[in-house]
Every structure is written in structure tokens, then in C-alpha cells.
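Worksheet: one structure, shown below.
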Amino acid sequence: MGHGDMRQGLKECDKLLRKHSTHQSALSLKAYALARLGEVDEAVALGQKVLRTPGALKSSHVIQGLSLTFRVLKLSEDEIAVYSAALIHTPDSEQLYCKIFMAAARSKLYKEQHSAAVALNKLFKQDRYLWWVVTSLLMQAKSAQDGSVKQLQLTLAERMAEKALNEGRLTNTEELRVYLEVLEIQGNHAAMVSALSTSGPLAEKIANDPDLVTQWINLLIKIGDFTKAYEVAEIALEARDNWADYKLYVEAAIAQMNDSESPVQAASANFDKWAAQRGRARDAILAGVELATKLHEAGHAKPTDETADVVGERIWSYVDQFMTKAICYSDIMQYFISHVKSATALGQTSSAIDFHTKHLEQRLHDARAAATAAECGEDAAQSWVTLERIRYLIQALADDVDPQRWVADIGAMLSFGLDSVEAERKLAACSDMTLIACQRIILASFLAYPDPAQRSSLLSSLFKAVCVLEAGIKLNDDQFLLKLYAIRLYLYLSCYDRARVLYDTLNIKNIQFDTLGHLINGHGMSLGCFSVDLELCYDGVSFYDRSDARVPQELESAYGKGTYSNITDFTMFQDNLVHSVQRECTHRCALRGEAFEHGTSKDILEQWKEADVVSIEHTDETIAALHDNRDVGVMGLQTPVDMAKWNLEIMTRQIPLPGSAWIQIFSMVPQIMHYIVCSEVDLLESKTKDLLVVIDEAGQSVSSHDLLLARGVYQVAILYLRALSGNEGFDSELATLSDMIIGALPQETSSSASNTLDLCDVALTTIRTASVATEVFTYAQSVRHALFAQRSPSANAVTLGLSQIRKTAMKMMGGLRTWTEKPARENIDALWLNAEDSLLAPVTAFLFNRRKSAVTLVTKSCTGSWLKSANNMAAHWKKCT
């Protein structure tokens, strides 16, 4: 078993037990082997038998084998019972009490954890056990539903921690953080300040911990002691740069303005001093911008026609000093926004925009000239990129909706980003310029073609944006953001295969499955690529399973090492993952994908019978408890996420981001199929009504294709109920289902290059609706199997009806495959590449003259992806005999 061969280990246990049937060590190891092999019921029964055997737990081997068995089975209370029973024989065992504590901590059994900590502290009187008691009280309080119980536990924890501080038993910052958290939950900021103001060896440790110093300053501001906050912040900033401290220093200085301007004047002087001492320290100079901005917002420095715009000048002074740094734009963006918003509040938006435009124009001209000169250096290239980002932001703040202005100078940007000496050297600034150019193309396209009647022009423009992105990726394959945008646009054009290839090169791992998985998960299901999407879903499910196992181990390690601050972090991390929106979406997509795994009718029915329909049940409360960890700001936006009108992440979504309604729908689908296969009519009728309610209330939060699928599942359920009851409306329901499925399949496709509808339909709807039809038919097939298994007289009629649907579908899917093999490319050439396009004429010219290979790649990627989707669906229809 030590080598992981559980089956061989099980054989060895059985061999020994044939000679010694009551050998407790062998029995406990057998239980462990059974647990590891997934024989849950047998493992539990055997484990409980050993646990009840008198004297069995005198043996350390039995303790180890049995505790591991229950840990594998995730039966934490039984694992604790093993250690508790062993304590009867060795009542003073420090090790056993520690094991109880750790088992309880791993499983959030805080009451048992606290009892074990109290026993350890009482018996062995070590400081770490004292803090185990305090921490377990804290964790109990955080999980308590009863307010009075919560307060009691916090009060006990506070008294113990305060006593430890007074007695010198609070000796490090980790223990201090536990005490501070206890006080923070109670809102006792004064006591927190007192604890952080302690003297002695602990004070030095606090001073050397930047996070605690920042917390101390923040707390002083909260209790209104601005003078002390200012003093502590100044001492901290004399020692080191910390942006959080700079912001608090500014806040404390401005808070004293009513009494004296000296703190503000001293702060400004200090910023200049620190910047000079530290070689143009970025934080110190940016703090000057922060100070000017906050003074203006507080009403202490309003610009007039006669005075200079101090805030604006500070902003541009910072840009002048740091535009050669890639970080410059992200540093200064918020101040541009704040400055314009402040002007807007005074009715002076246009003057603020004019001010920044005036400062930008000459700088941008000079930077472009320097960057396009011979032997351009990295600083010149980065300066141009920084100023182009600022230009983008100013246009958005000005609410500029003229698409032509958004693509002004696009040719120069593309030439520099893709066709310069610097681009060949793979300067990061060149890739950044390519990205900005693409962002401008995308934004201009949506501004120019908002009407559905203009969709051909919109898709043509997005196609060209993908060509630019692919050219950038070919030049520099390490560019994460170029790939993200390419993935998004390929999916917008219903091209899953190429999007998936690019996604695989991103090397997504660990927590990124939760934060970035939404970029691709589920799109394969919607585009006929069921099996490959299922593989990706399984990768995500495996990550969540690994995290479920890893976090408890990390918690145990944190207690063992005394790194108590990690306990809250790990617990929050675990809660966020357990209740993750993306976890729910990944799991539901996996359930969808499994429906496409072919097998005998018996296999299919067994799969639905064994489906866990309990754990996927959702209520309004469980939906509300879900935590959305998805990173929707990852796409390198040039404007803040909350500027929705200019948010390209939202703009380029072909379908809405799955939310509560989507999760409810795709939780109900497997439940409905389970009830059908198990012939649980009452539950089926109830769940079917629930599904219809969610469909009706979903609105635009769920895509039209997913709503069509949900209605198809509803129709499948109604068909089954009519068939089962012999209701005379059965034929009508079968006809309705047939019309729905065939209506969603691709109709006659023309090979004529002049037919604009073919190309637009395929890129936007045809493949998605065909995928819906394929999935609904798959569920209908399961109904057919269920009716035969349940000996329904209607089974033959359903079989005949589905056979006719399948015959029609095979013909229609064949037509789609034929169209994607040749006419699709002809349509792309005629309608997306060669069509008259005044908006993106410079882009088209650049692509044809300088990057024809990228155009060829994207054309092949689109037609190839569509063909693969069509082939996947056709193959599935063929197997559905």
C-alpha cells in the first residue's frame, strides 16, 4: 500500500485475515484499501466494526489505519472518534489531542477543535496551545449564526489574548494578528490601536511589518487621531516606500487642514525630499498627484480661470517623468478620471478634456516621431505606447462616439507594432501597440455598426481585428493579452477550435481555472465540440477536487507553524472555491458533456440513474451565497471596468456570462433526466414547472441559445409525461419537439458567394442552434431508452419520430459540412475581406500588403473551426441510432 497498489494490498490483507480473522491491524488496513478503491459502503462498515471492537485502538497501527480510512472517506467525526477512543488507553497523549485538534480544524468542526485546544492548554501549558484556544474561539465566532453566542466567544478570545499581551505571552506578529482580528470583528478600533502601540520587543517587530504599520495608521484615522496617524505614516515613509502609507499620509494631512496647513505643506516638501533621495522614487512623486487631487476633491484647491490647474499640471508632470515606464499608465489613469469627473461636477467637462488634449497633442507628436526614427530605443517606444493609452482614455472620457476618430493613425500604429525593426526585436512596447490598435478597431467597429442589419460589416471588422492579433501572436508568441482577445473574437465568430488551441497555450493552472476558466468553459458545448469541452471541464473539476484536499492540509500546516494569519486566508480561499460561481458552471458543463458519451441503452440509463441530483439542487439562499471569482478585468482594458460603455470585455461577449439563472437551468436539466429515467413522475412534474419559471424569468441574463435548449428539455419532459400516461396529446407533443429540433438545424445553405446571410448566420447563430438541436435530441434519445425500459406502449412511436428527425438532421448537417469546405471561404473573401470598407481601409491595406499570411491563417481557422464543429455534430447524430 505504501507504493499505492491498493488492490495488491487488499489481497495481502485478505490473505492474513484468512488465517487470523480478528487481526485488527489487517482489518483497519483493509478498510483503508477499500476506501481508496472507492468501495465506500464496505469501507465504512468495516471501519465502524473495528472502531467498536474493545481494545482495538491500543495499537498505533490500528489508529493510523482507521484514521486514514475515515479521512479518505471525509468522515471527520469518525476520524475524531478514533483518536478519542484511543485516549481512553493513553489519556495524557499530547499527540492524540493534537490529532483531534487538527482533524477538527481541517473539517471546520470548531467546537471539537476548541475542546481539544483547551485540553492541550490545560495539560501541557505551552504558549502555542493558548493561541490554539484563542484561534478556535475566533473561528467559532466567525461561523456562529447566533449573535449572542458569537459575542460570547469573541469576548472570551479577547480576554485571553489581552491577558497574554499583558503577561508577555504575545510574542510575535502572527499572534498579534489573531488578537487584532478578534477586536476588528467587534469594531473595537481603540483597543486595536492600543495593541499596535505596545512597547518592548514586539514594538520593533510591528515597525518591521509594513502591513501592520499600514493597519495602525488606518486605525488611527478611523478613531480620529489624525496627528498621530500623520506622525506614524511619516516615520514609516522615512524608512521605506509603501504606496498604501502614502495615501494614508495624504488623508491624515488633509484631515488637519481646518486647524493648520502645515501638515499639507510638510507632506508636499517630504514628497520632494524623498523623491530626490531615492532617485526619482515613483511613489513619492505620484503621492504629490494624490495630494493635489485630494485637496481639490476636499474643496481646498479649486482652479479658476486666473490660476493654473494644479491637479492637471501635476498629472502631466508625472507623465513626463515616467512615460518611459510600462507602469506609468496604470499609475496615473485614476487621476485623469478623477480630474475629469471633478470638472464634470462643476459643469466644466469640456474645459478639462481640452486641457488634457492640449497637453497630449505635442507630446504624442514628439513621441511618435522619436519612436519611428531610426534606431529607436525602448524608452521612446514605451513613451509612445503610454501616450496612446492616455489618448484612448481621454477619448472615452470625452464620450467620443465617432468611429473614424477611434481609428485615426491606426496605420502608423500597426506599422510600428508589427512591421518595424523594434517589432522584429520583440519589444514589449510593440506588442502593446498592436493590442491598443486592436482595441481601437474593435471599439470603432461596434460604434460604427450597432444595427443588426449591419452585422456583416461588424463581423468583417472583427475578422480583420483577429488577423491583426494573429500577426502579433506570430511575431511574439508570449503575448498573453493578444491571445485573450483572439480567443474572445474567435468565439464571437463561433470558431471554437482555434480559440481552444490558443487557450491551451496560455498554460492555465491552479487558481486560474477559477478566475479565467470562464473564457472558454462551456463554449465548446455551445459550438458542437462536446468531447473536447468535456476534457477541459474535467481539468477544472480536478483543480477544485485538489483544492478541496489541499486547503485542509494548508490549515493544519498553519496551526503547526503558528502562521495564524494564513488560517483566515486559507479559510476564505476555501469558502470562495466551495461556493464559486465558476465551480458551479464547470460542474454543470461537465454534466452536460457526459450526456454525449455513447454507450448501450443500459449504460445511458444507468448514468442518469446514478446522477447526484441532491448536491446540485439550488435554492435562492444557496444561489445568493455563491461567490464570483471570475476575473473580467484581465483583458488589459484601457478604461476602468466600471466604464461599461467602453468595456471591451462586455462588448465582445457573444453570450452573457453565466449567472444564477444559467446555473439553475443546468442544475435542473440532469435532475429532470434523472426523474425521467427513474420514473419519478411527481418530482418530474414539479421540476419541469420550476424550469419553466426560471426560463420565463431569465430575460437577457441567459443566451437565446441556452434558453432554446432549456425549452427543448422542457418539451422532452412533457413528451415523456404524455407518453407515459398514454395521453392523447402525445402525438402533438412529439410533433412540437420535432419542429423545434429540425427548426434549430441549419437550413438549406447556398454556395453562392453573394449570399450574405449564409456567412453571418454561421458566424453568429447556425452552429449554436445546431448544437442546441443536437443536445436536445440526445436527451430525447434517453427518453426513448427510458420508455422501452419502462415498457411504455409509446416507445415505438417515439423511436419512429426520433428516427425521422435523425434522418432529416443528417441531411442538414451534411449540407453545413459541404458549405464550410469551400463556399465559406469564398464568402469570407467576398464579404469580409474584399468588401468596401471606408472605416478600416488602412487596416485592410496593411494586412494585404504586409501580413497576408495572417489573413490566410484566420480564414483557415474560421472555416476549419466551423467544419470541425459540423463534423463533431454529424458524427454524434450518426452514432445516435
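All of these numbers come straight from a predicted model, not from anything done at the bench.
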Option passing side chain to side chain contact (heavy atoms under 4.5 Å, CB included) with Leu516 (candidates Leu484, Asn629, Ile508, Ile511): Ile508
message: Run the ring pair (Phe, Tyr, Trp, His ring centres under 6.0 Å) test against Tyr318 and tell me which residues pass, sequence neighbours left out.
response: Phe322
Without placing hydrogens or testing angles, list every side-chain donor-acceptor pair under 3.5 Å for residues 119-131, not counting sequence neighbours.
from: Lys125; atom 1: NZ; to: Lys122; atom 2: O; distance (Å): 3.3
from: Gln126; atom 1: NE2; to: Glu94; atom 2: OE2; distance (Å): 3.3
from: Asp127; atom 1: OD1; to: Arg169; atom 2: NE; distance (Å): 2.7
from: Asp127; atom 1: OD1; to: Arg169; atom 2: NH2; distance (Å): 3.0
from: Tyr129; atom 1: OH; to: Glu94; atom 2: OE2; distance (Å): 2.3
from: Trp131; atom 1: NE1; to: Arg169; atom 2: O; distance (Å): 3.3

Distance-only donor-acceptor hits, side chain of residues 204-214, under 3.5 Å, sequence neighbours excluded:
from: Lys205; atom 1: NZ; to: Thr171; atom 2: O; distance (Å): 2.6
from: Asn208; atom 1: ND2; to: Glu204; atom 2: O; distance (Å): 3.1
from: Asp209; atom 1: OD1; to: Arg177; atom 2: NH2; distance (Å): 3.1
from: Asp209; atom 1: OD1; to: Asp211; atom 2: N; distance (Å): 3.2
from: Asp209; atom 1: OD1; to: Leu212; atom 2: N; distance (Å): 3.3
from: Asp209; atom 1: OD2; to: Arg177; atom 2: NH1; distance (Å): 3.1
from: Asp209; atom 1: OD2; to: Arg177; atom 2: NH2; distance (Å): 2.9
from: Thr214; atom 1: OG1; to: Pro210; atom 2: O; distance (Å): 3.0
from: Thr214; atom 1: OG1; to: Asp245; atom 2: OD1; distance (Å): 2.6

- request: Tell me, please, which residues at least two apart from Leu68 pass side-chain contact (heavy atoms from CB on, under 4.5 Å).
  value: Tyr32, Gln64
field: Summary of ring pair (Phe, Tyr, Trp, His ring centres under 6.0 Å) pairs that have at least one residue in residues 84-122, sequence neighbours excluded
entry: Phe101-Trp132, Phe101-Tyr559
query: Side chains of Asp631 and His518: do they bring a donor and an acceptor to under 3.5 Å?
result: no
task: Could you note down all residue pairs passing salt bridge (charged side-chain N to carboxylate O under 4.0 Å, His left out) where residues 74-89 supplies at least one of them, sequence neighbours left out?
output: Arg71-Glu79, Glu79-Arg106
query: Mind checking what makes side-chain contact (heavy atoms from CB on, under 4.5 Å) contact with Gln638, not counting sequence neighbours?
result: Tyr329, Arg389, Tyr392, Ile436, Gln439
query: Between the side chains of His296 and His339, is a donor N or O closer than 3.5 angstrom to an acceptor N or O?
result: no
task: Can you tell me which residue pairs pass the salt bridge (charged side-chain N to carboxylate O under 4.0 Å, His left out) test with a partner in residues 226-236, sequence neighbours excluded?
output: Lys228-Glu231
- request: Just grab all the salt bridge (charged side-chain N to carboxylate O under 4.0 Å, His left out) pairs involving residues 255-277, residues at least two apart or on different chains.
  value: Glu238-Lys273
message: Give me each pair satisfying ring pair (Phe, Tyr, Trp, His ring centres under 6.0 Å) with a member in residues 196-236, each pair once, sequence neighbours excluded.
response: Tyr230-Tyr249
message: Per the salt bridge (charged side-chain N to carboxylate O under 4.0 Å, His left out) rule, what does the pair list look like for residues 324-337, sequence neighbours excluded?
response: Arg282-Asp331
task: Please name all residues satisfying side-chain contact (heavy atoms from CB on, under 4.5 Å) with Lys99, sequence neighbours left out, ordered by chain then number.
output: Tyr83, Gln95
